[in-house]
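Here's the structure, in structure tokens; my notes come after.
The basis for the numbers below is simple: all heavy atoms, side chains too, and nothing from hydrogens, waters or symmetry mates. In this text the structure is predicted, and so the values were computed from the model without any measurement.
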Amino acid sequence: IHHLLTHTSGIHSYTDRPSFLKYVTLPITPKSLVDSIKTWPYDFNPGDRWLYNNSGFFILGYIIENISGKSLGEYLNETFFKPLGMSSTGVYSTTLLLDNEAYGYSIENGKIVKALNWDMSWAGGAGALYSTVRDLNSWNEAVFNRKVLKEETLIAAFTPVVLNNKENSDYGYGWVIQNFRGIKIIGHGGGLHGFQSAL
């Protein structure tokens with residue numbers, strides 16, 4: 001779990017597979033994707049390197065489902081979103097009807113077109129969330145005011161992982177930790193076709 005959270009597992013990222021985009025608009029079950037990931041060789045030994053890896057967080061979401069006996073969306077909603085009043089946040093699926101849903105766009109041959117529309121079953125724990133700026137502000141306030149994690153857990157999350165060769169990375173447990181003009185920045189970015197985010 002340490003290696004999955006810090007992108008140091010060496011497990012090959014499913015989004016780096018050559019055929020990935022060929023199937024991303026079709027639904028997939030978490031078990032099916034995890035079973036595929038198991039068949040691929042490692043990119044490196046666990047802890048040897050840092051390499052951003054969507055397989056790691058997809059597997060973490062799958063672990064949450066198996067331990068809790070709930071879908072990832074149910075677990076996150078009951079554990080975090082509902083208690084924090086984040087009523088416009090959840091795990092996205094194509095069956096949801098959301099008010100004011102944003103659509104992604106890209107440029108093809110100089111024209112603006114709707115971007116490739118993933119079936120978000122492919123994203124799972126690696127990024128299938130939808131939210132609003134207001135809800136994300138509530139999340140930030142809760143995290144940084146110690147309402148989500150215990151102090152020792154938060155410190156661990158915000159501590160850069162040390163690789164096997166004793167070098168530090170700039171990544172903790174799901175957080176990028178950097179300095180910009182002498183100011184410590186803790187956050188994360190993400191994106192897929194037609195969307196970019198940073199918090």
Side-chain angles (χ1 to χ4, degrees), residues 1-2 4-7 9 13-15 24-35 37 52-104 115-158 171-176 186-199:
I1 294 212
H2 166 80
L4 296 175
L5 283 167
T6 57
H7 298 292
S9 69
S13 184
Y14 68 94
T15 54
V24 77
T25 60
L26 305 172
I28 190 165
T29 65
K31 182 181 184 314
S32 178
L33 184 51
V34 169
D35 285 346
I37 292 167
Y52 196 87
N53 178 343
N54 285 303
S55 290
F57 273 74
F58 191 92
I59 292 168
L60 286 166
Y62 184 65
I63 290 170
I64 288 169
E65 290 184 336
N66 279 274
I67 290 173
S68 71
K70 300 173 183 175
S71 72
L72 182 61
E74 289 170 326
Y75 177 81
L76 293 175
N77 190 50
E78 291 172 16
T79 307
F80 300 109
F81 306 146
K82 193 172 181 183
L84 295 173
M86 297 171 65
S87 58
S88 298
T89 301
V91 172
Y92 187 81
S93 77
T94 52
T95 59
L96 285 176
L97 294 173
L98 299 172
D99 292 333
N100 304 310
E101 181 177 345
Y103 295 97
L116 180 70
N117 190 20
W118 287 37
D119 186 293
M120 293 308 284
S121 60
W122 282 91
L129 298 180
Y130 67 89
S131 194
T132 62
V133 171
R134 203 175 297 270
D135 272 10
L136 290 174
N137 182 64
S138 296
W139 173 256
N140 258 17
E141 289 298 306
V143 168
F144 289 97
N145 286 296
R146 283 47 180 177
K147 294 179 181 173
V148 176
L149 299 172
K150 295 182 286 190
E151 183 69 19
E152 58 267 28
T153 306
L154 201 59
I155 290 169
F158 293 164
Y171 206 91
Y173 289 144
W175 295 90
V176 177
I186 300 172
H188 214 293
L192 51 84
H193 300 86
F195 294 95
Q196 289 285 329
S197 62
L199 185 66

So, taking the atom named [atom1] in [X] and the one named [atom2] in [Y], what distance separates them when rounded to the nearest 0.5 Å?
X	Y	atom1	atom2	result
Leu129	Met120	CG	CE	8.0 Å
Leu98	Tyr130	CG	OH	5.0 Å
Leu76	Glu74	CG	CD	10.5 Å
Glu151	Thr153	CD	OG1	9.0 Å
Ser9	His2	OG	NE2	10.5 Å
Leu192	Thr15	CG	OG1	10.5 Å

Side-chain heavy-atom pair [X], [Y] within 4.5 angstrom cut-off:
X	Y	value
Thr132	Asn100	no
Leu96	Ser93	yes
Leu154	Val143	yes

**Message:** Asp99: which residues meet the side chain to side chain donor-acceptor pair (under 3.5 Å) condition with it, sequence neighbours left out?
**Reply:** none

What's the shortest heavy-atom distance between [X] and [Y], and which atoms?
X	Y	value
Tyr14	Ala126	OH-CB, 3.9 Å
Ser13	Asn54	OG-N, 3.1 Å
Leu84	Ala142	CD2-CB, 3.5 Å
Ala128	Ala123	N-CB, 3.7 Å

**Asked** Under 30°, 30 to 60°, or over 60°: which ring-plane class applies to His193 and Trp118, parallel, tilted or perpendicular?
**Response** tilted

Quick one: does any side-chain atom of [X] pair with a main-chain N or O of [Y] as donor and acceptor, under 3.5 Å?
X	Y	answer
Trp122	Leu26	yes
Ser121	Ile28	yes
Asn53	Ser55	yes

Show me the donor-acceptor pairs within less than 3.5 Å that the side chains of residues 61-69 make with the rest of the protein, sequence neighbours left out.
unit_1	atom_1	unit_2	atom_2	d
Glu65	OE2	Leu72	N	2.9
Asn66	ND2	Tyr62	O	2.8
Ser68	OG	Ile64	O	2.8
Ser68	OG	Lys70	N	3.1

**Request:** Test His188 against every option in Phe57, Trp175, Tyr171, Trp139 by the ring pair (Phe, Tyr, Trp, His ring centres under 6.0 Å) rule and name the one that passes.
**Result:** Tyr171

**Between Phe158 and Phe144, ring centroids under 6.0 Å** = yes

**Message:** Enumerate the salt bridge (Lys or Arg N to Asp or Glu O under 4.0 Å) contacts for residues 127-144, please, sequence neighbours excluded, ordered by first and then second residue.
**Reply:** none

